[in-house]
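None of these values were measured; they are calculated from a predicted model. Note on naming: letters A, B, ... go to the chains in the order of the sequence lines (proteins, then strands), and numbering restarts at 1 for each one.
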Amino acid sequence: MPELPEVEVYRAAAQAVVGRTVAGVAVRDPRFVRGGVAPGELASRVTGRRVTAARRRGKLLVLDLGGGRSPAVGGLRLGLRFGMTGRLLVDGAGPIERLLHSSGRAEPRWDRLVLRFVGDGELVVRDPRMLGGAVLDPDEDALGPDALTLTLAELATALDRSAAPLKARLLDQSKVAGIGNLVADELLWRSGLAPARRAGSLDEAERRRLARAAPSTLRLLMRRGGSHTGDLMPARAPGGRCPRDGAELRRSTVGGRTTWWCPLHQH
DNA sequence: ATTGTGGCCTGCCCGC
DNA sequence: TGCGGGCAGGCCACAA
């Protein structure tokens with residue numbers, strides 16, 4: 001599913017439309033537009049503007065849009081979220097062909113948002129389950145520091161004095177941005193930390209382990225090709241055993257999410 | 001403020 | 001073979 005590694009791939013693909021001008025916007029399902037903005041308003045405000053940058057913060061892809069027809073009006077930003085099954089297609093090609101837990105088929109009704117560009121080309125968000133969405137001027141400040149460049153100090157701020165389970169805190173995008181369920185399990189497994197630990201209970205050495213593991217694990221997953229390529233992933237199933245020590249993995253629910261972890265080396 | 005829970009959305013897979 | 005139920009989880013509204 002789209003976590004930070006996948007959205008980073010989407011961002012790189014979206015660089016191809018930087019410099020192009022939006023000729024038209026098709027919102028194929030009005031529910032895909034989030035944030036209380038009418039689909040028609042989003043379409044009319046985005047149309048005619050030039051894409052000046054494609055950025056990522058956490059799992060959010062942001063297209064910066066220039067002034068367009070009325071330069072005095074100033075810029076605008078279009079935020080794209082991919083939920084669990086959202087794929088990005090640029091000029092007909094998807095940088096990621098298949099997502100875990102999603103279909104690789106191409107039903108026309110799954111193309112929830114289409115940006116057509118002046119001249120040629122288009123950008124499409126194809127999201128079968130429609131847990132993603134498009135947001136006009138997303139509140140980027142509501143997101144925590146990006147997990148790919150997470151520092152020890154940022155992690156300490158995110159965890160300190162919190163009574164929430166450690167994993168729930170890592171999944172909270174306002175505390176750390178970009179970590180989803182699979183990456184969270186992989187990260188905690190690599191760090192030897194139990195997902196249900198109180199976030200604020202980590203000592204200095206444990207915080208340091210986790211802070212070091214976050215960027216390096218994300219980079220490893222990006223090299224391997226996605227958030228589903230972790231070492232723990234094949235064992236996340238009934239009867240699965242820890243790839244490190246062979247203990248039978250436990251399955252529980254933490255932060256409302258299915259969680260697999262090793263009772264032998266995660267404390 | 002913090003933390004927890006349920007709902008949304010729908011394709012897919014399993015068991016009957 | 002068809003059918004129904006459960007599952008997947010990112011995000012948000014809402015409750016305590």
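Using a 4.0 Å heavy-atom cutoff across all strands shown, A:T258 reaches sugar-phosphate atoms only and no base atom. At the heavy-atom level, A:G256 lies nowhere under 4.0 Å from the strands shown. A:A163 comes within 4.0 angstrom of sugar-phosphate atoms only, judged by non-hydrogen atoms across all strands, and of no base. Within 4.0 Å (heavy atoms only), A:R251 reaches sugar-phosphate atoms of the nucleic acid but no base atom. Residue-level contact check: A:R81 touches the backbone only, with heavy atoms under 4.0 Å from sugar-phosphate atoms and none from bases.
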Which protein N or O atoms sit under 3.5 Å from an N or O of nucleotides 11-16 of chain B?
residue, atom, partner, partner atom, Å
B:dG11, OP1, A:R109, NH2, 2.7
B:dG11, N3, A:R129, NH2, 3.4
B:dC12, OP1, A:S103, OG, 2.9
B:dC12, OP2, A:R105, NH1, 2.6

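Contact annotation: side chain of A:R257 to base of C:dG10, donor-acceptor pair present below 3.5 Å.
The number of heavy-atom neighbours closer than 6.0 Å to CZ of A:R20, taken from other residues, nucleotides and ligands shown, is above 12. For A:R77, the CZ atom counts as densely surrounded, since its 6.0 Å shell holds more than 12 non-hydrogen atoms of other residues, nucleotides or ligands.
In this structure, CD of A:Q173 is placed 15 Å from P of C:dA13, rounded to the nearest angstrom. Rounded to whole Å, atom P of C:dC7 lies 15 Å from atom CZ of A:R236. As a whole-Å value, the separation of A:E6 CD from C:dG10 C1' is 13 Å. Spacing between atom CG of A:D172 and atom P of C:dC11 amounts to 11 Å, rounded to whole angstrom units. The nearest whole Å value for the distance from the CG atom in A:D127 to the P atom in B:dC9 is 12 Å. One interatomic measurement links the two molecules: CG of A:L171 to P of B:dG4, which rounds to 12 Å at whole-angstrom precision. Going from atom CG of A:L143 over to atom C1' of C:dC11 covers 12 Å, rounded to whole Å. Atom CG in A:L60 sits about 15 Å away from atom C1' in C:dC12, given to the nearest Å.
Interatomic distance, A:D29 CG to A:D111 CG, rounded to the nearest 0.5 Å: 11.5 Å.
An OP1 or OP2 oxygen of B:dC9 is reached within less than 4.0 angstrom by a side-chain nitrogen or oxygen of A:R31. Between A:R169 and B:dG4 there is no side-chain polar atom (N or O) within less than 4.0 angstrom of OP1 or OP2. The side chain of A:S162 places an N or O atom within less than 4.0 Å of a non-bridging phosphate oxygen (OP1 or OP2) of B:dT3.
With respect to A:K167, the side chain to side chain contact (heavy atoms under 4.5 Å, CB included) criterion is satisfied by exactly one of A:I179, A:D172, A:V254: A:V254.
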Under the criterion side chain to side chain contact (heavy atoms under 4.5 Å, CB included), I'd like the reasoning laid out for A:R236 against A:L232: C-alpha separation, chi angles, the key distance, then a yes or no. CA-CA 7 Å; A:R236 288 177 94 261; A:L232 179 67; 4.1 Å; yes
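One finds no salt bridge joining A:D185 and A:R257 here, because no Lys/Arg side-chain nitrogen approaches an Asp/Glu carboxylate oxygen to under 4.0 Å.
The aromatic rings of A:F82 and A:Y10 sit tilted, their planes meeting at an angle between 30° and 60°.
Contact of the A:D127 side chain with the A:W110 side chain is not registered, since no non-hydrogen atoms from C-beta on lie closer than 4.5 Å.
Comparing atom distances between the A:M130 side chain and each of B:dT10, C:dG10, B:dG4 picks out B:dT10 as nearest.
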